[in-house]
Protein chains: 2
Amino acid sequence: MQFDEAKNKFVQTWGALGSQWGINKTMAQIHALLMVSKDPVSMEDIMQELQISRGNASMNLRGLMDWGIVYKANKPGERREFFIAEKDLDELATKIAKERSKREIKPALKVLKEVSAVEGDKSEEAKHFVEQTKKLYEFVASADEMIDKVTEYKDNWLGKLMIKIFK
Amino acid sequence: MQFDEAKNKFVQTWGALGSQWGINKTMAQIHALLMVSKDPVSMEDIMQELQISRGNASMNLRGLMDWGIVYKANKPGERREFFIAEKDLDELATKIAKERSKREIKPALKVLKEVSAVEGDKSEEAKHFVEQTKKLYEFVASADEMIDKVTEYKDNWLGKLMIKIFK
DNA sequence: TTAAACTTTCAAAAATAATTGAAAGTTTTT
DNA sequence: AAAAACTTTCAATTATTTTTGAAAGTTTAA
């Protein structure tokens, strides 16, 4: 396979994957592009390579920066802004995990706690509801906590260790 | 909070969460509803509670069954079909992890392997591309493997152990 | 075997999400 | 301080996804 073809395939695949994970296609494609680019990339280049509008590029770059996985990079002597992706994969995983926890898991936990506190109703239905939502709360909370701990260890020794243990 | 209100809030929240995770809202809502229902639920009831059409209910139930997290249940003496959700959370997590691995991670790994094998081009750009995609392959493969191992242990002793260790 | 009870399918419609592009906003240069 | 170089915003448009509902399909009961 040729370089250009491979690069394109990678960007496309990463984009398609993104949309299955609640990240929009263009955002994932931009991220993919930056991940495999050696040097900082300008907005112009991104528009060009992905054939998207200026507005689209701008908004999705902003989104990626909000996730903390893409940064602005200034090239000396250049007026325009360039962009680079977080390329350290452990760091990338940590950021994504932290951000998803903050945006999605924590709010969900709040709701689970609320609804599992339903009072008064002593029907079987209500009892079962409380039981299930409590279990769910415990489960999600401990999963969240585990992810937190694991991602703290940036050098990934834990992952390597576990794979050894369970092989 | 009253039972009905709580139940509704739970279903809504779970639905909204689902759509951030690439699962559609209705599918997640049906799942939520079944999760907290003591007894098997008929399609009629689902349509009624979620105010959705028959076709919609049918298709999304099928989707949930494809994921292996909802089953048909026949009530004796009843003609129609009823549905129940997998309620064991470790089992649920295992199924979801396995299915996502199969549907998303494995195909992505295949592409990563392909594109990282780009040949011939000895430009700096191409070298960097190969390096990054190889790293990505390793990372994703080991994450996938780890998830596999962890989900094998259904009793969750591992999670509990880790939380103890890292507290 | 026919009717009744129920489920699935799928083309069309509706709802939602992403994208564009030009105007407004910024920052830098002259 | 005006122009130039660039970025952001957002209303309108376009694309995608979801939903509907009625027809076709299936299974059970009479």
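Within every chain, numbering begins at 1; the chains are lettered A, B, ... in the order of the sequence lines, protein sequences first and strands thereafter.
Aromatic ring pairs are classed by plane angle as parallel below 30°, tilted from 30° to 60° and perpendicular above 60°; the pair B/F10 and A/F129 is perpendicular.
Following rounding to the nearest Å, B/E78 (CD) and C/dT7 (P) show an atom-to-atom distance of 10 Å. A straight line from CZ of A/R62 to P of C/dT26 spans 13 Å, rounded to a whole angstrom. The nearest whole Å value for the distance from the CE atom in A/M43 to the P atom in D/dC6 is 11 Å. As rounded to whole Å, 18 Å separates atom P of C/dT28 from atom NZ of A/K75. Atom CD1 in B/I46 sits about 13 Å away from atom C1' in C/dT7, given to the nearest Å. Distance A/R80 CZ to D/dA4 P: 19 Å, rounded to the nearest Å. For the pair B/N74 CG and C/dA5 P, the computed distance is 18 Å after rounding to whole Å. The distance between atom CD of A/E44 and atom P of C/dG21, rounded to the nearest whole Å, is 14 Å.
The same ILVMFWY cluster, assembled from side-chain heavy atoms under 4.5 Å apart, contains both B/M35 and A/F139. The cluster map of Ile, Leu, Val, Met, Phe, Trp and Tyr, joined by side-chain heavy atoms under 4.5 Å apart, puts A/V115 and B/L89 in the same cluster.
Taken to the nearest 0.5 Å, the CD1 atom of A/I52 stands 4.5 Å off from the CD1 atom of A/I30.
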Listed pairs, N/O of protein and of nucleotides 24-27 of chain D, under 3.5 Å:
unit_1, atom_1, unit_2, atom_2, d
D/dT27, O2, B/R79, NH2, 2.8

**OP:** Do nucleotides 15-20 of chain C as a string where each nucleotide becomes B, S or -: B if the base has a protein heavy atom under 4.0 Å, S if just the sugar-phosphate does, - if no protein is that close.
**Re:** ---SSB
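Other residues, nucleotides and ligands place more than 12 heavy atoms under 6.0 Å from the CD atom of A/E131. Few gaps surround CD on A/E78; more than 12 heavy atoms of other groups in view lie less than 6.0 Å from it.
Among residues two or more places apart in sequence or in another chain, the side chain to side chain contact (heavy atoms under 4.5 Å, CB included) test is passed with A/I23 by A/M27, A/A28.
Note on B/K38 versus A/E125: no salt bridge recorded, every NZ/NE/NH1/NH2 to OD/OE distance being 4.0 Å or above.
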Original post:
So B/K95 and B/W67, side chain to side chain contact (heavy atoms under 4.5 Å, CB included) or not? Walk me through it.
Top reply: CA-CA 7 Å; B/K95 291 229 163 130; B/W67 275 87; over 6 Å; no
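When each of D/dT8, C/dT8, C/dC6 is scored by its nearest atom to the side-chain atoms of B/K72, the top-ranked nucleotide is C/dT8.
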